[in-house]
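Note sheet for the following structure.
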Amino acid sequence: MTDLLQTSPDTWRDRTTDPPVVPPELVPPTDASRRERVHAFWQRHDVRRQRAEDVYSASRNPERGWPVAGNREVLAFFRDLLSRRRKAFAVLVVLNALAAVAGLVVPRLLGELVNTTVDGTGRPLGQLALVIIAVVLAQAGFTFLAQRTSTIFGQDLLSTAREFIVRTILRLPLGAVESASTGDLVTRVTRDVGTMSRSVQYGVPMAIISLLTVVLSIVAMLLNSVVLAVPALLTFATSSWAVRTYLRRAPKAYITEGATYSRINTTLTETVEGARTLESLGLSGVRVRAGDADIEVSAQAERYTMSLRNILFAALNFAFQTPRVITLLVGAYAYSQGWVDLGQITAAVLYVEALADPLDRLISEIDRLQVGAASTSRLLGIAEVRPDRTPGERLPDGIELVGEDLRFAYREGHDVLHGVDLRLGAGERLAIVGPSGSGKSTLGRLLSGINRPRTGSASVGGVELVDLPLEVLRTEVALVTQEHHVFIGSVRDNIVLAREGSDDDAVREALSAVGSLLWVERLPQGLDTMIGSGRYALTPAQAQQVALARLIIADPHTLVLDEATSLIDPRTARTLEGSMNNLLAGRTVVAIAHRLHTAHDADRIAVVIDGRIVELGSHHELVELDGEYAALWRAWTS
């Protein structure tokens, strides 16, 4: 007999015939002349640009996964953030303008000082010294106030932006979250949130300050001497083509770079989650090679963004260094013609020197904003995911749960449920059984209002489940799965999360009902003990009991159980049986039973085969029928 562990890797898709993730044209030549290497660099640059444009185009309306918002949506987002803070924005601009004006007055005063020293045409030295000291002190004061205002302004922007992202993520349809790449979503809510945060907190205020300083510096240069200002400004303008090219291509490049990080995280997440399976089947090498391929793709995206920056900085370096020489040459000629004096030349050189720094800082902030804009595009793309429901105003008139002609497809044209009908009476316990892949969990999702059926209706009290506001739906019908989550916070916070405003007496009653009050009271701070990641660690049974107490606080009249203890070891599962029984008392229960012994005591059992209910009745009735359930029961008990 064939050893399955030895042959199982053979069933993995053969990727040896797949095209390389990095095409040959992106591999630099190893033996070529300088001219050939330069030509090859520009060829690789064009190939990377085309790859970035293809990724960006695909990201606008992906078949699967999360979309990416356009530039218009990003600008509207930042415009909305700024429009809500018009007063703070105005104060920020005024203070920075005053600080910039004070700083720009100093070169004029130094120029006048030169004239006073050379030919005595300026004000007395003592008076000039006092004026310069006063201006410097004023500049320091305005700069301090401007920086303080900028910090508060940036933090306020950051807070609002993060709150928006959290609200957006929490309203995502569960079906969309499950169908998309986990790595992509994790990357967006970690790296992209951090990048956007830095752009909002520092990039926006600093870009405003730098732009304001540049504009005022240009005005000061023109007021000092048009003859000396125009040549320098024209030289600065030679970098405009590089800036325009960069601004046009950088967003697509950074979005592509972010997409490659999502790809790396997706592969890494899948590999970690399936580590035991990979090791048992000898597929570790395959996953390592997949990770290496993702890194190669990401490296190409980063090389493209780095090339864009290097080309930009090379052009800016020429544009920033040349005006110094041109100003001195033009100044010398203009002085010989009597068009300017030495004080104007001195001020012009100082202005050129002073202009280079805010202009360089402005370009750097624009680069930061480009990176932030790309991350914001990816975050706002999440906001473009359409909600899967529009809550109505009708409330249930009763607690009867009814499913009629339920059909559902995860992919268009491939139904996994085919016209299922169910009607549950108040307090009834229904078990849903069947082989793996028969549609049991899908039926449970429809009956708990997670998904909208493709056809038919799933309603409670005469109202469609998906038409109920979520806060109402979860007090009517709740889904209990194998997964449970403990949030960072106190034990009390974790329980009242289901119904805010619940007092400690209600919390203790809920804990007592699931048999966990005793151990909670033994915790270091009782209900105030902090639990969750990095805090007091709960056992799996304790974590599940906290989740069950949360459900008791929510007090839904109907529970859909997707084998809530199937992932817990048998000893822990037995510990939880009493907790579950107390939770289920007096409620309507739909139990998706992967273990048939949990279906034995149900009022009715629905046998689902290939998306259809083929048998419906009590345990004894179905055993006597000697059909599908009887066969499953014999297989389970044999």
Side-chain angles (χ1 to χ4, degrees), residues 82 85-157 201-230 232-233 236 320 323-324 327 331 340-366 368:
L82 294 176
R85 296 158 181 81
R86 293 178 181 175
K87 180 182 284 188
F89 179 69
V91 172
L92 175 67
V93 171
V94 169
L95 289 174
N96 280 283
L98 292 174
V101 169
L104 295 172
V105 168
V106 173
R108 289 295 297 270
L109 293 175
L110 292 177
E112 189 174 347
L113 181 62
V114 170
N115 288 336
T116 300
T117 304
V118 173
D119 52 22
T121 56
R123 282 177 284 185
L125 292 177
Q127 183 180 351
L128 276 173
L130 291 175
V131 173
I132 290 174
I133 292 173
V135 170
V136 170
L137 291 175
Q139 182 189 15
F142 287 135
T143 301
F144 171 77
L145 294 174
Q147 289 292 336
R148 183 177 183 276
T149 304
S150 174
T151 301
I152 296 174
F153 181 75
Q155 291 290 343
D156 189 28
L157 283 180
Q201 185 177 0
Y202 303 111
V204 172
M206 291 305 299
I208 294 171
I209 294 169
S210 300
L211 179 61
L212 191 61
T213 305
V214 167
V215 172
L216 291 175
S217 298
I218 293 173
V219 172
M221 291 175 67
L222 293 172
L223 291 176
N224 175 63
S225 172
V226 175
V227 173
L228 297 176
V230 170
L233 294 176
F236 278 124
F320 288 172
R324 296 181 175 93
T327 301
V340 297
D341 55 37
L342 290 177
Q344 289 176 303
I345 296 175
T346 301
V349 172
L350 292 174
Y351 281 138
V352 168
E353 199 69 32
L355 180 61
D357 181 61
L359 195 56
D360 183 48
R361 191 165 61 246
L362 176 62
I363 298 299
S364 298
E365 294 306 329
I366 288 177
R368 188 206 295 265

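Atom-to-atom distance recorded for Thr151:OG1 and Asp156:CG is 12.5 Å, nearest 0.5 angstrom. The distance from the CD atom of Gln344 to the OG1 atom of Thr346 is 10.0 Å, given to the nearest 0.5 Å. Separating the CG atom in Leu95 from the CG atom in Leu145 is a distance of 5.5 Å, to the nearest 0.5 Å.
Nearest heavy atom pair, residue Gly331 against residue Ile345, reads O-CD1, 3.3 Å. The shortest heavy-atom contact between Asn224 and Ala348 is ND2-N, 3.6 Å. Here the shortest heavy-atom pairing between Met221 and Ala232 reads CE-CB, 4.1 Å.
Among Val340, Val349, Leu233, Val352, the single residue meeting the side-chain contact (heavy atoms from CB on, under 4.5 Å) criterion with Leu228 is Val340.
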